[in-house]
Amino acid sequence: MNRTNAFQFSREQKSMQMKQKIEQMILAAAHRAREAGALPSADFPEVQVEEPKLEAHGDFSTNLAMTMASAQKMAPRKIAEIIVEHIHDPENFLLRTEIAGPGFLNFYLAPESWLPVLERVYREDTAFGRTNIGNGERVQVEFVSANPTGPLHVGHGRGAAVGDAVASILSACGYDVQREYYINDSGRQIRTLGRSVYLRLLQLWDRPVEFPKDAYQGQYIAELAEEILDARGKEIDALDEEDAVAECARYAASRILSGIREDLTAFGVKYDRWYSEQHLYDSGQVADAIENLRRTGQVYEKDGALWFKSTDFGDEKDRVVVRSNGETTYFASDIAYHQEKYERGFSRVIDVWGADHHGYIPRMSAAVQASGRDKDQFHVILVQLVNLLRGGEPVAMSTRAGEFVTLKDVVDEVGKDAARFLFLTRHYESPLDFDLELAKQKTNDNPVYYVQYVHARITSIGKKADEKGVAAAGWDPEAAKVLQELEEIALIKALARFPLVLQTAARLMEPHRIAYYLMDLASGFHAYYNKHRVLTDDPVLTRGRRCLVEAVRKVIRNGLDLMGVSAPEQM
RNA sequence: GCGCCCGUAGCUCAGCUGGAUAGAGCGCCGGACUUCGAAUCCGUAGGCCGCAGGUUCGAAUCCUGCCGGGCGUACCA
């Protein structure tokens, strides 16, 4: 993906990001120094500007003098001095510049240099933070894709939260994103589903049956059987066993799938497309894909089965696509499916999988490459497991026994916002402890409310101000000049970071960065609020502060929106 | 055995693909409501970044080898 300095901002100068402005200033200084003969080499490394962790190190710093040292054959501190001498700052952007440590260049900005950020927040409003680094590239994010053999559980919820947020983030960065759910409505697990329901149905008829271990055990299976009994028991009873099982499978899968759709809708996830595996078979695409592999010699027969040479692309062993009994494997339809994704015009495909599927990545990647795509066009986000707790104690989750807490249960109990936010407070590769009691708590322990509270609080301030008629809302350049407090500048700086945080989140496909950013911004606001009054006796100061907090509200709202979490006006 | 992920404060976790004195929340202890929402804030304490080497101006971050935990290793999905 792009380097930070490759990002393009085609708007006018003042909407350019602070950081980028500093980068250009430094680069220009280095070139000027070179032209003046002060630097021996024109071999300049990439200018890296960062925001130092310590305030004592300024607003921005660069290590350029150090990274340049070997090419220039000069001491870093000496190079730093030369660059400083050649810095050109006609707008008086900089308060001062200093050389520190082994050769860091630290820049201190004049407080008013930050004010254009506020203006930009107002001008761009809901679009603040958005960029076009994706340049319209078509990306597909496929997530959840749980088999329609049972209700979604919390793990699927995490996958849904991550997949949906990644899609939103990429979309906000200028990618043309499609969200897709792949329905495994074909094959063995569907037959097992049908058989499970059928057996429960037989039990309802008091016929002696043994319910096998490998059948689906959950209570919902028995409930489905009762439904079928009421709806069309007689018809089913008239069929022979094979047809009866098929009918049960069709009915059950359809009911379960609509349940899944409802649960995801309640969770705030909206797909652009639901894609049926069965459709791949019916349309002949699976057969075509296998035929293509045959034609290109990427497949061979052994022991009566057909094997794909995934080892040609780094997998540790070859994989079966057609079993010796003539049935295709799940992998075969997956090959066809992924080929079809690229044929639909996506240049990049992102799959969100549970971490227990990681062994599947090499063969899928091999299949993608075998169809002529580049390795980088396929990316799997592996989401780690969720440990469900209640008050610190593990909640029994046995898939085999069919005892698990469903996503619906969790959403009903703790709410969509809390669930989504908490799912995104960890890097997706870290296992997540999800405590139901904690998720419901409306205290400091719960980051969702901590962030949402800021939004509600500022909305409330706004209403109060409107009632009193003391301060107009909106961008007010004159009043903004009054913002000089340390906490005020710190808040504006935090706002300025949002677009960069969003870009990093997109580049690394890591939604948790948004969550952490929002918690940080919220913390900055709460600290400010407790120290300074927004509504004061001074009308100009009040306008300026209202302008600031309103900007904070907008950014909080934008960030929460990316996470699929609401920004309430009151709580 | 082999492969992937994880190991950072008592607990749960960040750490912007190599930067300066490693951060936050919770918990502990001590403070702040007659004023815009206390679902909040302020302060104190707490660390061989699993261990040992290596790469370099510089490593929690990159490389190698161990230790510990999770997952995977099907003609299952």
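To find a chain, count down the sequence lines: A is the first, B the second, and so on, and within it residues start at 1.
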Taking the same atom, [atom1], in [N] and in [M], what whole-Å distance lies between them?
N	M	atom1	answer
B:C62	B:U17	C1'	9 Å
B:G25	B:U40	C1'	15 Å
B:G65	B:G3	P	9 Å
B:C51	B:A59	C1'	16 Å
B:U56	B:U61	C1'	14 Å
B:G53	B:G69	C1'	24 Å
B:U35	B:G7	P	46 Å
B:G54	B:U8	P	24 Å

For the residue pair [Y] / [X], report whether a side-chain donor-acceptor contact shorter than 3.5 Å exists.
X	Y	answer
A:H532	A:E487	yes
A:E510	A:Y516	no
A:Q384	A:Y428	no

Most 5' of A:N63 and A:N530 on RNA chain B, judged by nearest nucleotide: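 Closest to the 5' end, via its nearest nucleotide, is A:N63.
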Given that A:H532 and A:E277 both sit by RNA chain B, which one's nearest nucleotide is further toward the 5' end?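 Comparing both residues, the 5'-ward one is A:H532.
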Would you state whether a donor and an acceptor, one from the side chain of A:D520 and one from the base of B:A14, lie under 3.5 Å apart?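 No.
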Nucleotide nearest [X] when distance is taken to its side chain, options [options]:
X	options	value
A:R513	B:G15, B:C36, B:U12	B:G15
A:E50	B:G19, B:C36, B:C5	B:G19
A:H512	B:G15, B:C16, B:A77	B:G15

So, do A:F104 and B:A20 meet the stacking rule of ring centres under 5.5 Å and planes under 30°?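 Yes.
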Sidechain N-carboxylate O distance under 4.0 Å for [X], [Y]:
X	Y	value
A:K21	A:E23	no
A:R195	A:D214	yes
A:E413	A:R390	yes
A:E550	A:R546	no

Anti/syn call for B:C5, syn if |chi| within 90°: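 Judged by the O4'-C1' to base torsion, B:C5 sits in anti, the angle falling more than 90° away from 0.
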Applying salt bridge (Lys or Arg N to Asp or Glu O under 4.0 Å), run through A:E488 and A:R545 and close with a yes or a no. CA-CA 8 Å; A:E488 290 168 340; A:R545 289 187 170 170; 2.8 Å; yes
Atom pairs under 3.5 Å, N or O on each side, protein against nucleotides 70-75 of chain B: can you list them with distances?
residue, atom, partner, partner atom, Å
B:C75, O2, A:S324, N, 2.7
B:C75, O2, A:S324, OG, 2.9
B:C75, N3, A:S324, OG, 3.1
B:C75, N4, A:D303, O, 2.8

Output field dot_bracket for RNA chain B (Watson-Crick or G-U, both distances under 3.5 Å, | for other-strand pairs) contains (((((.(..((((.....[...))))..((((.......))))......(((((..]....)))))).)))))....
Taking only the side-chain nitrogens and oxygens of [X], find out if one of them lies under 4.0 Å from OP1 or OP2 of [N].
X	N	answer
A:H526	B:C42	no
A:R457	B:A38	yes
A:Y449	B:A39	no
A:Y529	B:A39	no
A:S430	B:A14	yes
A:T504	B:C16	no

Is the backbone N or O of [Y] less than 3.5 Å from a side-chain atom of [X], with the two atoms forming a donor-acceptor pair by type?
X	Y	value
A:Q285	A:Y281	no
A:T504	A:L500	yes
A:D476	A:A479	yes

Base, sugar-phosphate, or nothing: which does [X] touch, judged by heavy atoms less than 4.0 Å apart?
X	value
A:P362	nothing
A:D435	nothing
A:S523	nothing
A:A465	nothing
A:R533	base
A:A69	nothing

Quiz: residues 298-306 of chain A side-chain donor-acceptor pairs under 3.5 angstrom, not counting sequence neighbours:
residue, atom, partner, partner atom, Å
A:Q298, OE1, A:T296, OG1, 2.9
A:Y300, OH, A:D318, OD2, 2.7

